[in-house]
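The chains referred to below are lettered A, B, ... by the order of the sequence lines, with proteins before strands, and numbering in each begins at 1.
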Protein chains: 4
Amino acid sequence: MEEFIARGFAATRLDDVAKRAGVAKGTIYLHFKDKEALFEELIRLAIVPLVNRLTAPPPPAAGGTVRDMIEGFARAFIHEVATTRRGDIVRLIVAEGPRFPAVADFYYREVVSRGLAGMRALIELGLARGEIQHKELARFPQILVAPAMIAVIWQSLFARHAPLDANEMFRVHLDLIFGERRTT
Amino acid sequence: MEEFIARGFAATRLDDVAKRAGVAKGTIYLHFKDKEALFEELIRLAIVPLVNRLTAPPPPAAGGTVRDMIEGFARAFIHEVATTRRGDIVRLIVAEGPRFPAVADFYYREVVSRGLAGMRALIELGLARGEIQHKELARFPQILVAPAMIAVIWQSLFARHAPLDANEMFRVHLDLIFGERRTT
Amino acid sequence: MEEFIARGFAATRLDDVAKRAGVAKGTIYLHFKDKEALFEELIRLAIVPLVNRLTAPPPPAAGGTVRDMIEGFARAFIHEVATTRRGDIVRLIVAEGPRFPAVADFYYREVVSRGLAGMRALIELGLARGEIQHKELARFPQILVAPAMIAVIWQSLFARHAPLDANEMFRVHLDLIFGERRTT
Amino acid sequence: MEEFIARGFAATRLDDVAKRAGVAKGTIYLHFKDKEALFEELIRLAIVPLVNRLTAPPPPAAGGTVRDMIEGFARAFIHEVATTRRGDIVRLIVAEGPRFPAVADFYYREVVSRGLAGMRALIELGLARGEIQHKELARFPQILVAPAMIAVIWQSLFARHAPLDANEMFRVHLDLIFGERRTT
DNA sequence: TATGAATGAGCGTTCATTCAT
DNA sequence: TATGAATGAACGCTCATTCAT
């Protein structure tokens, strides 16, 4: 995966993949039909932790507010995805998705649609509890996660030009949605 | 450009580029040092219209509200970038940027930093006029454009799974920032 | 080697080398970094027999005269180098040496300097024994071998215009150095 | 010519030849059928001065000895050929001759055979005058010029390993042929 | 099951040659 | 006669894939 992330599908050499995996080049073909199958399998494998992150501990009990749940989730996402190698996987999917429909499909099914469904549920909970005012937000949960996605891309491309405090940005974003906080 | 968009840098064959351009393979080398130079030049060339889109019609006079200016701008961006081939250029830059620092640099300098500066100016105008309440938004103009970027990526990757009404999404996003509209 | 001899470095096609070697083109690159490395290795390999020819049978015992030793050696050189494919290797080195300093260096170190040192030793032995009169010859052992070198080049270039009896020429040359023979 | 000398026939680019000649690439084809024809013509042209050197002022009058004539000639040859770019032409002919029979033929006819004939004439004059003792030398005039040829090759290939005083070497060589000189 | 040497199709790049101007 | 942009065949090199061990 590291190799594919660093170089993209076409520019990655199976020689390097094998070396990194500590096996011989031929061994890859015992487990995967060809380079494309290997790539798709690896992406699938790499997506699982992302899914786990999403579906894992359904927001800690009922104690917290919806904002707390979302913020906690975002904080985890930013910490574990946006600022790590996992963020590059997302970028890799953006990069190779159009040439690997199977990859885009899988990612949409396992991550995007489920993630958006989860966000929509939280938004609706927020609306029900009166924490969120804007009803139409539930129609576009993408808006909720957009800054987190932007943070992922920013880290890969522009971090060295201008660092971005993703957590702080997301907090400001939540202020927009939930209204400004009095005290933190 | 079409070839690079469709296949990415590494998988694009100069044979195909030449054929598409209606010239012989060798002719490419009369104009570009090598494949990388060709790619970087093409990206540069393709970015110019994006920049023009950004800097062109300085929001129509003073008559309109800040929201109108932003909405007009977003509508233009979505119409001319997100839903066209130009959107794929943005995706291509996201995909190849890490392997082509020159490309990422150029894009940051010409598009990102200027775009964000423009957005920040509009946000500050909105704050001054009282249209925008949330002061901290000016610190993260990325939040303002995030849904537009998401729309670009969505079109490339997931349009066929679930179409996304980018204009409508952006309108909802602006409602969050400017407060809900009385009249639509 | 045959291919390089027949066409020179630049005009030799690796396709042909591979075909002649009975392997696929890619196989060459398992053993040599590139065409230059292949060429230099082949030259090195081809020079070894020349060196062996030089250093091998240390002139037969002490029985013979110095002239006999030199003549025996020259006869072997003419028979095994000048009139064979190995002679073309020498010509190849003359041809490509200036563009392959590593080749020229190696050839100088392994063949030329050792060969001249050997000749100088024989000349000094000849002087000590009174067989050779001309003291200064030891300063230029090149004079001793010059006709042999000329014979090598002649075979490659002019053999078809005018055959050259290299052995006979060398005998005349030795007559000059050792004085004419009484009995032949 | 400079280009062909520096790189050999195959590795020389007509682009560079044209640039060096101060004409456009196409212009070459107005004067020469193709690269081979250009090469052969250039060689022919370059050989002319060598020939002139050979046939020029037939040894100064009758005053001098045969040795003086040969020595004068050799000195001129070494000064004007062995240690100059013209020497590289000889090396170029050795290098490319086998692939360009026309070149080898021309060189043999214009230079080698005439040169050897001239040398043979001088040798016979030397024999007639009693300056040279060794009758058989006339059968192999190559022996007379061999050290000069060696000097040419040496300059190109080994000059930097070990400089060679060609004039001094040739003087020693002449001592062998004419007998040692009392006074110089 | 694992290896890695061998393969050869395929690609980037070069450069002799052409030809419209 | 001279130009130099354009051509495209050809070559060096790579790398996904195979297969004998």
* Asked: Paired with E:dT17 by Watson-Crick or G-U wobble geometry, both distances under 3.5 Å: which nucleotide is it?
  -> F:dA6
* Report yes if the side chains of D:Phe100 and D:Ile93 come closer than 4.5 Å at any heavy-atom pair, otherwise no. => no
* Structure fact -> Assert: residue with more 5' nearest nucleotide on DNA chain F, out of B:Thr27 and C:Lys25, is B:Thr27
* To do: Select from C:Ala24 and B:Tyr29 the residue whose nearest nucleotide in DNA chain E is closer to the 5' end of that strand.
  => C:Ala24
* Asked: Taking atom C1' of E:dC15 as reference, at what distance in whole Å does atom CZ of D:Arg13 sit?
  -> 9 Å
* Atom-to-atom span, CD of D:Glu3 to P of E:dA16 - whole angstrom -> 11 Å
* To do: May I ask you to decide if the ring planes of B:Tyr108 and A:Trp154 are parallel, tilted or perpendicular, using 30° and 60° as cut-offs?
  => perpendicular
* Mind checking whether B:Phe39 and B:Phe32 have side chains closer than 4.5 Å, heavy atoms only? -> no
* How long is the line joining CG of B:Leu38 and C1' of E:dG12, in whole Å? -> 12 Å
* Structure fact -> First and last nt of DNA chain F near chain B, cut-off under 4.0 Å to heavy atoms, 5' to 3', are F:dA5 to F:dA10
* Taking side chain as C-beta onward, heavy atoms only, is B:Leu14 less than 4.5 Å from B:Leu38? -> yes
* Rounded distance (Å) that lies between atom P of E:dT13 and atom NZ of B:Lys33 -> 8 Å
* Can you tell me the distance, in whole Å, between the CZ atom of D:Phe9 and the C1' atom of E:dC15? => 12 Å
* Atom-to-atom span, CD1 of D:Ile28 to C1' of E:dC15 - whole angstrom -> 12 Å
* Rounded distance (Å) that lies between atom C1' of E:dT14 and atom NZ of D:Lys35 -> 11 Å
* Asked: Between A:Lys35 and A:Val17, is any pair of side-chain heavy atoms under 4.5 Å apart?
  -> no
* Asked: With sugar-phosphate meaning primed atoms plus P, OP1 and OP2, does B:Leu30 contact a base, only sugar-phosphate, or nothing at under 4.0 Å between heavy atoms?
  -> base
* Mutual orientation of the aromatic rings belonging to A:Phe4 and A:Phe9 [parallel < 30°, tilted 30-60°, perpendicular > 60°] -> parallel
* Run through A:Glu2, A:Glu3, A:Glu80 and flag the one making a salt bridge (Lys or Arg N to Asp or Glu O under 4.0 Å) with A:Arg85. => A:Glu2
* To do: Starting from the 5' end of DNA chain E, give me the residue, C:Gly22 or B:Asp34, whose nearest nucleotide shows up first.
  => C:Gly22
* Grab the CG-C1' distance between D:Asp15 and E:dT13 for me, whole Å please. => 14 Å
